[in-house]
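This report refers to the structure that appears directly beneath it.
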Amino acid sequence: MDALAARAAEDYHRLLRDDKALVQELEARFFERMRQARLTFGGRVLCAFPRPNFVAPSDYEEIRGVCRGIFRAVEKVEARLGEELWDRVDLTPEERDLVRIDPGYRRSSPTSRLDSFITTDAYRFVELNAESPAGIAYNEMLVDIFLDLPVMKRFQERWRLRRFQARERLLETLLACHREAGGKEERPTIAIVDYDEVPTRSEHHLFRDFFEAKGYPSLVCDPRQLSYEGGRLRHEGTAIDIVYKRLLTNEFLEKVDLLQPLLAAIRERAVTVVNPFRCKPIHKKAIFAVLTDDEVQPMLTEDERRAIAAHVPWTRRVREGRTSRRGDEIDLVPWVRAHRDLLVLKPNDEYGGKGVAIGWEASESEWDEALASALRGSYVVQEKVDLQRESFPELAPDLRFRDLIVDLDPFVFQGEVEGFLTRLSGTSLANVTSGGGQVPAFLIEPA
């Protein structure tokens, strides 16, 4: 942690240790505030940690530069490799059919999220969520709640806070894609589309409220409830101009027979869909196997190679054969079997920690079983990152302090960072789906 951010965190903790009234107020009302603001994930409150993530301006600018380089490298290999990339990341035939649909604008992933862990030396990006990154609206509502806390008001007597503008950047991105695709409406109608039963449904309603507050008619709908007639996609009679697609491609394909109106509207470009299906190749976890492949390095600039070497762990698709690691040639499967203490196995296209095997937490037999399973499916193996724990207050329900893993995930809009998703966890899987929590992030400076 930067020295400035560390000093801010210590000042905040001191307020909680020295003023019992502030603690009592948190214990009495913090969770109630969360529920009133609909900050829930699958029925549980999103945040049990009443301290934000403090980010120093110098760190923020450094992270923005690193992310810019990594994302530029991703787009470069996507353009240079073309359909060869589809083979490298193991795209299925059904996915390939969807990826071929032209959305009417240039970028494959206008809105994305680079997921990183704070490490003992800096931070390491372990995944690119290029398809449907969650957490933006949750984060902005958390900011509103935290700014209203008495402890935060006391804290701001000594520190200046600046909030990020991720919601605004998302709306700008949706509108920019729509205009690039030929949309002419002054106030296009936006549909936030995903299945009713997903645990992030409350965030979709937060987005609807925000879009409408900015003057854009909006609705939340299940894709099974859409109709397509006369060249217009509709929900209960309302014509839709922009689909903010929170529905993941693999979940779309699971019910594709029920989603033909939406698919027809997308194919015929009767709506602008963000993100498009075309994002799928760079969303696969194997995209980091491409970025860290020695064969790809000549395509990249020195700055891009430097960003990847410093901030992206070595990654490979799990399959029989020889590959390279740090300049040495290895027989991948025997090497993975023998070095579980250095490695993680992940499904190539899952989320929420599903199917992840953490080598240093597994026995030899558990690792062998996980590796055998990975060879039967589509998996990647990734080098371990050394995680840094940081102290945060937690309400459980009384206030206590815990050393937690910090997952720092910059939101990327049109290739540029605006704000973070910050997730905390006591385990190596630092995501909300697997039981972690989310806190807001602020830029901080002394008052």
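Numbering starts at 1 and runs along the sequence shown.
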Does the salt bridge (charged side-chain N to carboxylate O under 4.0 Å, His left out) test come out yes or no for Asp349 and Lys280, once each step is laid out? CA-CA 9 Å; Asp349 192 15; Lys280 195 62 181 180; 2.7 Å; yes
How long is the gap from CG on Leu226 to CD on Gln260, to the nearest 0.5 Å? 12.5 Å
Arg340 side chain vs Ala362 backbone, donor-acceptor pair below 3.5 Å: yes
Does Asp87 come within less than 4.0 Å of Arg96, counting only side-chain N to carboxylate O? yes
Donor-acceptor pair, side chain of Asn348 and main chain of Val89, under 3.5 angstrom: yes
Considering non-hydrogen atoms only, spot the tightest contact between Val126 and Phe288 and give its length. C-CE2, 3.4 Å
Would you say the side-chain atoms of His283 pair up with the backbone N or O of Glu131, donor to acceptor, closer than 3.5 Å? yes
Do Asp194 and Arg201 sit within salt-bridge range, that is, some charged N less than 4.0 Å from a carboxylate O? no
With the threshold set at 4.0 Å, does a side-chain nitrogen-carboxylate oxygen contact exist between Glu416 and Arg169? no
Using only atom types and a distance under 3.5 Å, with no angle test, would you say the side chain of Trp367 pairs donor to acceptor with the backbone of His339? no
Side chains of Arg72 and Thr301: any donor to acceptor distance under 3.5 Å? no
Is the shortest distance from a Lys or Arg side-chain nitrogen in Glu383 or Arg326 to a carboxylate oxygen in the other one below 4.0 Å? yes
Any donor-acceptor pair under 3.5 Å from Glu366 side chain to Ser363 backbone: yes
Can you tell me if Glu364 has over 12 outside heavy atoms packed within less than 6.0 Å of its CD? no
Looking only at heavy atoms, which two atoms of Phe207 and Leu170 are closest? And how far apart? CE2-CD2, 3.2 Å
In terms of side-chain geometry, is the basic nitrogen of Asp303 or Arg305 positioned less than 4.0 Å from the acidic oxygen of its partner? no
Distance, nearest 0.5 Å, that separates CD1 of Ile190 from OG1 of Thr272: 10.5 Å
Show, in sequence, the C-alpha distance, side-chain angles and deciding distance for Phe30 and Phe49, and conclude whether the ring-ring contact (aromatic ring centres under 6.0 Å, His included) test is met. CA-CA 9 Å; Phe30 189 74; Phe49 310 101; 9.2 Å; no
Side-chain H-bond candidate by donor/acceptor type, Ser202 with Tyr138, under 3.5 Å: yes
More than 12 heavy atoms from other groups under 6.0 Å of CD on Glu369: no
Compare every heavy atom of Arg278 with every heavy atom of Asp102, then report the nearest pair and how far apart it is. OD1-NH1, 3.9 Å
Nearest 0.5 Å, please: how far is CD in Gln438 from CG in Leu46? 4.5 Å
Classify the ring geometry of Phe54 against Phe155: parallel below 30°, tilted from 30° to 60°, perpendicular beyond 60°. parallel
Note: Glu95-Lys284 ion pair, threshold 4.0 Å (strictly below): yes
Any donor and acceptor pair, going by atom type alone, linking the side chain of Arg389 with main-chain N or O of Gly426 inside 3.5 Å? yes
Side-chain ion pair, Glu140 and Arg163, N-O less than 4.0 Å: yes
Residues Arg51, Glu390: salt bridge by 4.0 Å N-O rule: yes
Tyr228 and Glu268: side-chain donor and acceptor closer than 3.5 Å? yes
Hey, what do you get for CG (Asn275) to CG (Leu174), rounding to the nearest 0.5 Å? 9.0 Å
Keeping the roles fixed (side chain from Ser116, backbone from Leu408), state whether a donor-acceptor pair exists under 3.5 Å. yes
Is a donor on one side and an acceptor on the other found under 3.5 Å between the side chain of Asp222 and the backbone of Asp196? yes
Interatomic distance, Ile444 atom CD1 to Asp11 atom CG [nearest 0.5 angstrom]: 9.5 Å
Quick test of your reading of the model: are Arg107 and Glu180 salt-bridged, counting only N-O distances below 4.0 Å? no
Check against salt bridge (charged side-chain N to carboxylate O under 4.0 Å, His left out), Glu445 and Arg162: CA-CA 9 Å; Glu445 291 179 305; Arg162 182 167 77 79; over 6 Å; no
Considering only NZ, NE, NH1 and NH2 on the basic side and carboxylate oxygens on the acidic side, decide whether Asp407 and Arg423 come within less than 4.0 Å. yes
Quick one: is the NZ or CZ of Lys255 closer than 6.0 Å to the six-membered ring centre of Phe252, and within 45° of its axis? no
Residues Arg88 and Glu295 bridged, charged N to O under 4.0 Å: yes
Distance (rounded to the nearest 0.5 Å) between Cys221 SG and Ile240 CD1: 5.0 Å
Checking Thr315 side chain against Ala289 main chain: does a donor-acceptor pair fall under 3.5 Å? no
Heavy-atom closest pair (Tyr244 atom, Pro133 atom, distance to 0.1 Å) is OH-O, 4.3 Å
Please determine whether a side-chain nitrogen of the Lys or Arg among Asp97 and Arg267 lies less than 4.0 Å from a carboxylate oxygen of the Asp or Glu. yes
Shortest non-hydrogen contact between Phe411 and Ala134, atoms and distance: CE2-O, 3.8 Å
Between Ala130 and Ile282, the two heavy atoms sitting closest are CB-CG1, 3.7 Å
For Met299 and Val77: C-alpha separation, side-chain torsions, deciding distance, then whether side chain to side chain contact (heavy atoms under 4.5 Å, CB included) applies. CA-CA 7 Å; Met299 298 181 189; Val77 299; 4.3 Å; yes
Is it true that Arg124 and Thr119 share a donor-acceptor pair across their side chains at a distance under 3.5 Å? no
Does the pair Asp409 and Leu114 meet the rule for a side chain to side chain contact (heavy atoms under 4.5 Å, CB included), with working shown? CA-CA 5 Å; Asp409 308 331; Leu114 274 161; over 6 Å; no
Any donor-acceptor pair under 3.5 Å from Gln297 side chain to Asp293 backbone: yes
Can you tell me which residue among Tyr60, Phe442, Phe413 is in a ring pair (Phe, Tyr, Trp, His ring centres under 6.0 Å) with Phe164? Tyr60
Determine, step by step, whether Arg100 and Glu83 satisfy the side chain to side chain contact (heavy atoms under 4.5 Å, CB included) criterion, reporting the C-alpha distance in whole Å, the side-chain angles of both residues, the deciding distance to 0.1 Å, and the verdict. CA-CA 10 Å; Arg100 289 188 176 95; Glu83 292 193 18; 3.8 Å; yes
Is the Tyr123 ring parallel, tilted or perpendicular to the Phe125 ring (thresholds 30°, 60°)? perpendicular
Given salt bridge (charged side-chain N to carboxylate O under 4.0 Å, His left out), test Glu203 with Arg38 step by step and report yes or no. CA-CA 8 Å; Glu203 185 180 40; Arg38 293 181 295 183; over 6 Å; no
Answer yes when Glu302 and Arg306 have at least one side-chain N-carboxylate O distance shorter than 4.0 Å, and no when they do not. yes
Any carboxylate oxygen within less than 4.0 angstrom of a Lys/Arg side-chain nitrogen, looking at Asp341 and Lys384? no
Give the intermediate values and the outcome of salt bridge (charged side-chain N to carboxylate O under 4.0 Å, His left out) for residues Arg17 and Glu10. CA-CA 10 Å; Arg17 286 193 294 265; Glu10 180 53 35; 2.4 Å; yes
